[in-house]
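First up is the structure itself, then whatever we jot down about it.
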Amino acid sequence: MNVLLVGGGAREHAIAKALKKSDIKLFACMHNKNPGIAKLCEDFHLVKETYVEKVVDYAGRKNIELCVVGPEAPLEKGIVDELEKNGVSAVGPKKNAAMIETSKSFMRDIMKKYSIPGNVEYNVFDNVDDAKNFVEKTGEVVVKPAGLTGGKGVKIVGEQLKDTDDALDYVKKIIENRIGGIPKVVVEEKIVGEEFTLQGFCDGKTIVPMPAVQDNKRAFENDEGPNTGGMGSYSQENGLLPFLRKNEYETAVDIMQKITDAMKKEGREYKGILYGQFMLGKKGPKVIECNARFGDPEAMNVLPLLESDFVEICNKIVDGKLKDVSFMKKSTVCKYVVPKGYGIKPMSGRELRIDEKNVEKNGAELFYASVNEKNGKIYTTTSRALGIVGIAHSIEEAEIITEKGLKHISGEIYVRHDIGKQDYIEKKVKRMETLRK
Ligand code: AMP
Ligand code: GLY
C-alpha cells in the first residue's frame, strides 16, 4: 500500500516511524526536507503543505491509497475534502470539521450549544465597546484571536497583559489588525491549574483515547519566558500524569466523546486525531482548546508506545470502524533541542553535530524537526531542531535516557533540562494539591 504523509516536522517524523512499522511504501509532501522522514520514504516532494492542488496531484502520480495529514494549515484549506474527491482516503477532518481548531469561537459555541461540560465563561466580540462590560465583569481574562495564529496570539491578564485596560487594548488590536485572519476575538475566563493534553483517535463516532501528556510551552526552565510551540513533554506508564487522577482523565475523555457526538449532530462528522488541551483547575478539567491533529511534541510521546498497528488504525478511522487500541505501559520524556535564543532571537544557520548512532545506543529516539542540510551537514533554522525521547518504566528512568541521548547533540543549542526531572514533577503535584484544598 502506498501511503502519503503531509508535513515535515518532528510530529510528522513520529507519524512516519509509526507508519513504517507496517508493510507500506511511504511518500511525503513537506515544505522543507526533514532528513528523518526523507530516509523512510520511497520518494518525497518539497512543496508547501497548504498547496492542496499540488499535494493532490502528487498523490495521484504516486498511486496513493491513504494519506495522513500532520499539520492544521492544510486541513483548514480542505485538503481532506480534495483528496477524497480524487479517491484518496485521508486521516484528518474535512474543512468543516477542522473548524474545531481553526475557529476558537466555533469550538466554544459548539460546547455551549450542546451543554458539554468543561467549557469556560466566554464571549465572542467584533468590537471593543461590546467587550468592555465582559472584560470588566470577568476581571482575569484570556484574550484570543478567533482565527488561527500558530499558537502565538493568546494573551493572559497577569502574564502578557497587565490589567483589564491592557486586555481591552489587545482586543482592539486584534479586531483592527485582523490578527488570526478575521476581525473577531474570543475573551474567556482565566483558569488556574495544570495543563494536560489528551489526544484521541476518532472515527466520526467514537473517541479512542491515548495516554495523557503534559507539554511545556514556556521557553525557559521553571516555566518562565515566552510561550513557544512546546519545549518538551512527558507521559506516565499508566496513561495518567503525576498530578492527574483517573476520574479526571475519564472526565476529559467523556468531554471529547461529547464533542465528537456534537460534531456528528452538526453534520460535521469528525474523523482523524482529536486533540484536547485541558486545564485541570479547582473545578476539574476545562477545555482550553481543541486541535484537529496530533500535538507537537505530544505525538513523540504517544506514537512510539503504540502496540496496535498504526496503518490499521488509520484504515479503521477512515471506515468508521475503530475499536480498541493498545499502548505499551511505559513512561516517556521528550526534550526539544532548539537554536540558542529560540522564542526571542534564534541563532539560525549554525551547524548541529548529531551522533544519531550513539543517541540510539543509549536507548533514546531522535525525531528531526526543522533543520537544513547542506553538503552532508545539518544546520539550525529559527524553529525547533529535533526532539529526543526516552522511554522506560518510570518518568525518572525515561528522563535519564533522554539526557543520555542529548549528550550526543552539540552546537549553539538550548534545551529545557528541567522537563521530567523529579523536583519539577513534585512542584506540579504540590501546586495541584494546594489548588484542590
Ligand atoms: P491556546 O493557543 O489556546 O492553547 O493558548 C495558549 C496558552 O494560553 C495555553 O496553552 C494556556 O497555557 C493559556 N490559556 C489559554 N486559554 C486559557 C484559559 N482560559 N485559562 C488559562 N490559561 C489559558
Ligand atoms: N503542543 C501544542 C500543539 O501541538 O498545539
Side-chain angles (χ1 to χ4, degrees), residues 7 9-12 14-15 70-73 75 98 100-108 111 118-123 134-135 138-161 167 170 174 179-180 185-199 210 212-219 223-235 273-283 285-303 334-336 343 367 369 383-384 387 416 419 428 435:
R11 165 182 52 212
E12 287 76 24
I15 296 173
E72 66 278 17
L75 296 170
I100 202 76
E101 167 164 7
T102 60
S103 164
K104 288 188 194 283
S105 50
F106 172 83
M107 182 277 281
R108 290 276 175 232
M111 289 189 72
N119 210 1
V120 300
E121 287 292 323
Y122 79 101
N123 237 315
F134 184 79
V135 170
T138 315
E140 296 246 288
V141 292
V142 180
V143 183
K144 308 180 171 187
L148 271 187
T149 54
K152 297 189 178 89
V154 175
K155 292 195 180 179
I156 304 173
V157 170
E159 293 183 26
Q160 304 86 350
L161 303 170
Y170 187 48
I174 292 171
I179 297 176
V185 52
V186 179
V187 182
E188 54 189 50
E189 77 177 294
K190 173 178 166 181
I191 310 293
V192 176
E194 277 301 321
E195 269 184 277
F196 68 94
T197 301
L198 179 63
Q199 302 166 96
M210 307 183 211
V213 182
Q214 189 179 46
D215 177 21
N216 292 264
K217 291 209 173 96
R218 295 302 196 90
D223 292 330
E224 285 169 11
N227 265 331
T228 69
M231 296 295 293
S233 47
Y234 62 95
S235 69
I273 310 302
L274 184 60
Y275 169 118
Q277 181 73 47
F278 289 88
M279 184 75 81
L280 181 59
K282 256 201 241 195
K283 296 183 188 153
K286 299 277 183 184
V287 177
I288 295 298
E289 67 167 350
C290 284
N291 291 330
R293 50 169 174 81
F294 279 110
D296 188 349
E298 292 95 327
M300 290 183 274
N301 299 91
V302 295
L303 285 171
C334 170
K335 300 193 193 192
Y336 250 123
F367 299 92
S383 302
R384 299 174 291 185
R416 259 191 72 174
I419 294 170
K428 289 178 185 263
L435 207 63

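Whatever order the structure lists ligands and atoms in, that order sets their numbers, starting from 1.
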remark   = Of N227, N291, T149, the residue with the heavy atom nearest atom 7 (C) of ligand 1 is N227

note = Logged contact type for V120 with ligand 1, heavy-atom cut-off 4.0 Å, is neither

Mode of E298 contact toward ligand 2 - side chain, backbone, both, neither (heavy atoms, under 4.0 Å) = side chain

note = One should read off an interatomic distance between L148 CG and L75 CG, to the nearest 0.5 angstrom, of 10.0 Å

remark   = Per-atom filter on ligand 2: closer than 4.0 angstrom to a heavy atom of D215 are 1 (N), 2 (C)

message = Under a 4.0 angstrom heavy-atom cut-off, which atoms of ligand 2 come close to G295?
response = 4 (O)

task = Could you go through the side chain to side chain contact (heavy atoms under 4.5 Å, CB included) check for V213 and Q199 one step at a time?
result = CA-CA 9 Å; V213 182; Q199 302 166 96; 4.2 Å; yes

request  = Check each atom of ligand 2 against the heavy atoms of R293 and keep those under 4.0 Å away; list them by number with element.
outcome  = 3 (C), 4 (O), 5 (O)

key: V142 near ligand 1 by a heavy-atom separation under 4.0 Å   = yes

Any N/O pair I191/ligand 1 closer than 3.5 Å = yes

task = Output the list of atoms in ligand 2 that are nearer than 4.0 Å to some heavy atom of N291, sorted by atom number.
result = 5 (O)

ask   = Which of the listed options, E101, K286, E195, holds the heavy atom that is closest to atom 12 (O) of ligand 1?
value = E195

inquiry  = Evaluate K144 for polar contact with ligand 1, using N/O atom pairs at a separation under 3.5 Å.
reply    = yes

Atom 2 (C) of ligand 2: nearest protein contact (heavy atom, Å) = Y275 OH, 3.3 Å

task = List for me each residue that meets side chain to side chain contact (heavy atoms under 4.5 Å, CB included) alongside N119, sequence neighbours excluded, and say none if there are none.
result = R108, M111, K112, Y122

query = Mind checking what makes ring pair (Phe, Tyr, Trp, His ring centres under 6.0 Å) contact with Y275, not counting sequence neighbours?
reply = none

query = Taking C-beta and beyond as the side chain, do N123 and V187 meet within less than 4.5 Å on heavy atoms?
reply = no

inquiry  = Is it the case that the side chains of T197 and D215 hold a donor-acceptor pair, with the cut-off being a distance below 3.5 Å and no angle test?
reply    = no

inquiry  = Can a side-chain donor-acceptor contact be found between Y336 and N216 if the only test is distance below 3.5 angstrom?
reply    = no

Heavy-atom nearest neighbour of atom 22 (N) of ligand 1 within options E289, K190, M279 = M279

query = Can Q214 and E194 be counted as having a side-chain donor-acceptor contact under 3.5 angstrom?
reply = yes

note = Under 4.0 Å from one or more heavy atoms of K217, ligand 1 contributes atoms 4 (O), 10 (O)

task = Under 4.0 Å from a heavy atom of E189: give me the atoms of ligand 1 that qualify, with their elements.
result = 18 (C), 19 (N), 20 (N)

ask   = Does any N or O atom in E289 lie less than 3.5 angstrom from one in ligand 2, N or O only?
value = no

task = Flag the pair V143 / I174 as yes when at least one side-chain heavy-atom distance between them is below 4.5 Å, and no otherwise.
result = yes

ask   = Nearest heavy atom to atom 3 (O) of ligand 1: which of K155, K104, Q277 does it belong to?
value = K104

query = Should the pair E188-K286 be classified as a salt bridge under the 4.0 Å nitrogen-to-oxygen rule?
reply = no

inquiry  = Test side chain to side chain contact (heavy atoms under 4.5 Å, CB included) on V287 and M107; report intermediate values, then the result.
reply    = CA-CA 10 Å; V287 177; M107 182 277 281; 4.1 Å; yes

